[in-house]
Amino acid sequence: LKGALFFLSLVLVAVSFNVYAADQSICNSGTNVVVHNNGSLRACILKNDYEANNIRCKNNSPVSFYHNGNLESCVLYDSVSIGKNNCKGDGLISFFIDGKLKSCVKPD
């Protein structure tokens, strides 16, 4: 039983690391897909809307990720407020590698 619990905890740890890592299945087929040296997704055009960092990225728009799987940038599906920053829908938003807001398009 002790070994089974240890194995299960290893599986859960492995799964938890992959939950947020996007893979090429989120990309439009037939479009250019760029990967990092470690094989993780670097950039592509989204097939469907994609949710990360509590925001929704717009389909048929570019998305990029850091080597660790964290979202780097995308086009917002809708307007969003992050802290005291208001970001415009259909505008580019970008994040630092730790997930904190780097920049976004301010509403008119």
Shortest non-hydrogen contact from N86 to P107? O-CD, 3.2 Å

Validation row: N28, C44 side chains within 4.5 angstrom (heavy atoms): no

What do you reckon, is CG of D98 surrounded by more than 12 foreign heavy atoms closer than 6.0 Å? yes

Check whether more than 12 heavy atoms from other residues, nucleotides or ligands sit under 6.0 Å from atom CG of N54, and answer yes or no. no

Hey, what do you get for CD (Q24) to NZ (K47), rounding to the nearest 0.5 Å? 11.0 Å

List the atom of L71, the atom of S73, and the distance in Å for their closest heavy-atom pair. CD1-O, 3.7 Å

Close side-chain approach of N48 to I26, heavy-atom, < 4.5 Å: no

Proximity of F65 and F95 rings by center, below 6.0 Å: no

Which atom of H67 lies closest to which atom of S40, heavy atoms considered: O-OG, 3.1 Å

Does V33 reach the side chain of I45, with side-chain heavy atoms less than 4.5 Å apart? no

Nearest heavy-atom neighbours spanning C74 and L92: O-CD1, 3.3 Å

Please determine whether the number of non-hydrogen atoms from other residues, nucleotides or ligands lying under 6.0 Å from atom NZ of K100 exceeds 12. no

Salt bridge check, E72 against R42: does any charged N sit closer than 4.0 Å to a carboxylate O? yes

Report, as yes or no, whether the 6.0 Å neighbourhood of atom OH on Y66 holds more than 12 heavy atoms from other residues, nucleotides or ligands. yes

In terms of side-chain geometry, is the basic nitrogen of D49 or K58 positioned less than 4.0 Å from the acidic oxygen of its partner? no

Of all heavy-atom pairs between N70 and N68, which one has the smallest distance, and what is that distance? N-OD1, 3.0 Å

A side-chain contact here means heavy atoms from C-beta on lying under 4.5 Å apart; do C57 and L76 qualify? no

Less than 4.5 Å apart, side chain to side chain, heavy atoms only: is that true for V80 and D78? no

Closest heavy-atom pair, D23 versus L41, reported as atoms and distance to 0.1 Å, is O-CD2, 3.7 Å

